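Not measured: the values here are computed from a predicted model. Naming: A, B, ... by sequence-line order, numbering from 1 per chain.
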Amino acid sequence: MQDEKTGGVPIRTVKSFLSKIPSVVSGTDIVQWLMKNLCIDDTAEAIHLGSLIAAHGYFFPISDHVLTLKDDGTFYRFQSPYFWPSNCWEPENTDYAIYLCKRTMQNKARLELADYEAENLARLQRAFARKWEFIFMQAEAQVKIDRKKDKVERKILDSQERAFWDVHRPVPGCVNTTEMDIRKCRRERNPHRVRKSVYGVTDETQAQNPANTTQTARKPTREDVQKEISFLNTQLDRHCIKMSKVADSLMGYTEQFMEYDPLVSSPEPSNPWISDDATYWDLEASKDPNQHRVKKWGFSLDEALRDPAGREQFLKFLESEFSSENLRFWLAVQDLKRQPLQDVATRAQEIWQEFLAEGAPSSINLDSHSYEVTSQNIKDPGRFSFEDAQEHIFKLMKSDSYSRFLRSSIYQDLLLARKKPESEQGRRTSLEKFTRSVVTCVHFTHVPLFPGEVVNRKASHWPNAVLLTRRGWWTAGVRR
Amino acid sequence: MGEMEQLRKEAESLKDQITAARKAVADATLPDTVSSTAVVGRVQLKTRKTLRGHLAKIYAMHWATDAKLCVSASQDGKLIVWDTLTTNKVNAIPLKSSWVMTCAYAPSGNMVACGGLDNMCSIYNLKGKDGNVKVMRELAAHTGYLSCCRFLSDSEIITSSGDCTCLLWDIETGTQKTTFAGHLGDCMSLAVPGDFKTFVSGACDFTAKLWDIRDSNCTHTFSGHESDVNAIAFFPNGNAVITGSDDATCKLFDLRSDQELITYQDSSIMCGVTSIAPSLSGRLILAGYDDFNVNIWDSLKAERVGVLAGHDNRVSCIGVSTDGMACCTGSWDSFLPSFSFKGQDNVMRLCKQNKQQYL
């Protein structure tokens, strides 16, 4: 924590006005000193650092409760080491009550309580109603001690004491630097915590703070160590990639995406936050992607699939190659993972029927191992039943179809923003429509495929059937 | 006792082997590799919008996937959904327990979740039939405070807690599906990557762990920090993790080489990191600190390239929108009034790119 690490900030240059205001420094002087001695170039940073130091209570403005540093002639005084936060004070409310009470006893205009202090005092009086007499007596004792001191010294001490309380009981609306994140409060963060009272008051009735019970760590059992060993073994067996490769890939990734990173490069046509013009967002959301967006699809299959327009185009391409079942399967499985639990089983069965079962209309190309695993999984259908299959299909698409997609005219046209003549487009789409209708109607027959490929499955199940593949649209036996 | 000793020795020797193996793979360091890359240049972000409305410390915020809405949670007992463009409050949801520590926006935009000292994760349906936002589910099973929660979909959510575990819940039934136990200290935060197959958690045992969601195993543990890991996030490529800790440093860990790549630290920074977020390309890392600033790091060169200094108190949360356009910070701010009993005014600032960086 900052207070412990910066305890003892070595600011020694102090100008003293020997007239009415003893032992003060002007704000500008502090800022200058900080900049010179800590090699800070920026005044704002010096002020920020100074304000932090003030907020923690190492020096304070003499005529203000608010603990910040200003770069002007305002006067500041250094806190006495007794009150430094590095002494790990955590003063109790009884001390605060004594302090406020003491202030009311001293009949001086400058020691009058501020509004918030008066409210605090009233609250404390209610809280400590029973021991108020004790507190009152302590306050009186403190006043007596103070009276014995030298006038000037007392002025300084009073201001330092006030500053101390400004840190620990801050003005409402001010930063409370002693505040801790409540998540960390449970543990004994501060072993040096000073439990004594600021005014030397011993009070046995002060309850033990429950927040300070230390958590004793559980002693590791044999099972713990065995678990650790098996974990370490897995870690050891894991194949690690060389750092150089990793560093290269990181560099490559960031370089590739930097032009798409709005915090690094200005987006086209303009950053909506700066120009208040939402065109950029409209372009991103439109179905007609611009070249910039299309280029991103070329980075990886993931990127292409992330963009809805990219998915659409890739699907179109695959349909032209009659292998759209792969992507459709992949999309269906992604959707399955988002379904509510009650629908998962039915959806999973549907997917199985559509893509994997014997005689499936959109059968996909799976290796026998994945097929085995998946058919096992489907007996107890869940969100991740098709995980293996999905990964396999994704790899397939990535290594095969995706690279062809990037070379295809569908993609290239978009990338280079080539416009096609209307007639040619018309022809292509009608041809596609025709072939699409043909493919979906195919059923498996016992007629051998030509020139299609036969997928090797456990032949025992399907003696005579052959499965449709993406090349095999010339099946004999196209029916319906 | 002999057996324990043997087991311990075995564990130690394995650890040594692993350290040696990691060293063998460390044929280059990131700083060396990127020495020829151009520096990113000073990044200056300006505050574009300030979202005012919370009355107490803001503990958490999360962007929606549409990059326009975001949700924030504050200890005044409110969860506010903001339209960041207009700075209007779309929803102001009163909470049962004001000690909220985290909030999350579902990817679909239909739900938000929050939790804190009540040890529960409360899920609110934003698209209710009559337009009112109501509690949909209260997920209670943790024995410690809820430090972070993230949706995987409208039906699943992961929570991390001060009881040292993380849980995967099914929202429909309101029951826990998987427990991820292994941390030795309070889990402080978690992050989910794009493929939703794994997640990482950072904890007060100074480590970060990567978990496989399906089989609930911890596959990687990253140590190296010298204090609590407060914040954690995935690098955009999904293969690396960035963490922020109370030891005033942020670290980049790579999953494939299973070790730390680089540390982001500076001798002038002595306070803990509370929150962390990468920019869209990952080249910039924004981290919020206890000294009220947000530092922007060049992730490859490990140099500070910018500072966002607009808050008056600890920066408690930070988030970069999904399209990378804007970054939003929330803090324990107080607005300093003239001495009247006004109470606290906490602000969230949205900062976007001001102008082109210059080399």
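- Chain A forms more heavy-atom pairs under 4.5 Å with one residue of Leu284(B), Thr219(B), Val307(B) than with any other, namely Thr219(B).
- One distance of note links CG of Asn293(B) with CG of Leu52(A); it measures 8.0 Å at 0.5 Å rounding.
- If you measure heavy-atom distances from Asp205(B) to chain A, you find no contacts under 4.5 Å at all.
- With a 4.5 angstrom heavy-atom cutoff, Asp302(A) does not touch chain B via any of its atoms.
- With a 4.5 Å cut-off on non-hydrogen atoms, Tyr59(B) touches chain A through its side chain but not through its backbone.
- A donor atom on one side chain and an acceptor atom on the other are found under 3.5 Å apart for Arg256(B) and Ser249(A).
- Here the side chain of His48(A) pairs a donor or acceptor atom with the backbone of Asp291(B) at under 3.5 angstrom.
- Contacts between Gln17(B) and chain A at a heavy-atom distance below 4.5 Å involve backbone atoms as well as side-chain atoms.
- For a residue to count as touching a neighbouring chain, one of its non-hydrogen atoms must lie under 4.5 Å from one of that chain's; by this rule Pro236(B) touches chain A with backbone and side chain alike.
- The number of heavy atoms from other shown groups lying within 6.0 Å of NZ (Lys70(A)) does not exceed 12.
- When atom types are taken as modelled, the side chain of Tyr260(A) and the backbone of Asp323(B) share no donor-acceptor pair closer than 3.5 angstrom.
- For a residue to count as touching a neighbouring chain, one of its non-hydrogen atoms must lie under 4.5 Å from one of that chain's; by this rule Asp154(B) does not touch chain A.
- Heavy atoms of Arg306(A) lying under 4.5 Å from chain B are absent altogether.
- Contacts with chain A were tallied for Arg22(B), Arg314(B), Arg214(B), Gln75(B); Arg214(B) has the most, counting heavy-atom pairs under 4.5 Å.
- Once rounded to the nearest 0.5 Å, the distance linking CG of Asp254(B) with CG of Leu250(A) reads 6.0 Å.
- Rounded to the nearest 0.5 Å, atoms CZ (Arg222(A)) and CD (Glu3(B)) are 4.5 Å apart.
- Residue Arg383(A) holds its CZ atom at 11.0 Å from CD1 of Ile213(B), rounded to the nearest 0.5 Å.
- Residue Glu12(B) does not touch chain A at all, counting heavy-atom pairs closer than 4.5 Å.
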Legend entry - Stepwise side-chain contact (heavy atoms from CB on, under 4.5 Å) test for Leu232(A) and Ile18(B): CA-CA 8 Å; Leu232(A) 290 170; Ile18(B) 290 176; 3.7 Å; yes

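- Atom SG in Cys218(B) sits 8.5 Å away from atom CD in Gln235(A) (nearest 0.5 Å).
- For Gln339(A), the part sitting under 4.5 Å from any heavy atom of chain B is the backbone (N, CA, C, O) and nothing else.
- A salt bridge links Arg238(A) with Asp258(B): the closest approach of a Lys/Arg side-chain nitrogen to an acidic carboxylate oxygen falls below 4.0 angstrom.
- Heavy atoms closer than 4.5 Å to chain A are found nowhere in Ser268(B), neither backbone nor side chain.
- For the pair Lys209(B) and Phe231(A), the cation-pi test (distance below 6.0 Å, angle within 45°) is passed.
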Legend entry - Audit row: Lys337(A), Glu156(B), side-chain contact (heavy atoms from CB on, under 4.5 Å) steps and yes/no: CA-CA 10 Å; Lys337(A) 292 195 252 196; Glu156(B) 288 181 315; over 6 Å; no

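- Other residues, nucleotides and ligands place no more than 12 heavy atoms under 6.0 Å from the NZ atom of Lys227(A).
- No salt bridge links Arg8(B) with Glu228(A); every basic N to acidic carboxylate O contact stays at or beyond 4.0 Å.
- With a 4.5 Å cut-off on non-hydrogen atoms, Ile262(B) does not touch chain A at all.
- In this structure, CG in Leu280(B) is found 7.5 Å from CZ in Phe257(A), a value given to the nearest 0.5 Å.
- Each of Ala247(A), Ser300(A), Ser244(A), Ala55(A) has some count of heavy-atom pairs under 4.5 Å with chain B, and the biggest count is that of Ser244(A).
- Contacts between Lys301(B) and chain A at a heavy-atom distance below 4.5 Å are absent for every atom of the residue.
- With a threshold of 4.5 angstrom between heavy atoms, Ile171(B) does not approach chain A through any atom at all.
- Among Leu7(B), Leu252(B), Thr274(B), the residue with the largest count of heavy-atom pairs under 4.5 Å with chain A is Leu7(B).
- If you measure heavy-atom distances from Ser257(B) to chain A, the contacts under 4.5 Å come from both the backbone and the side chain.
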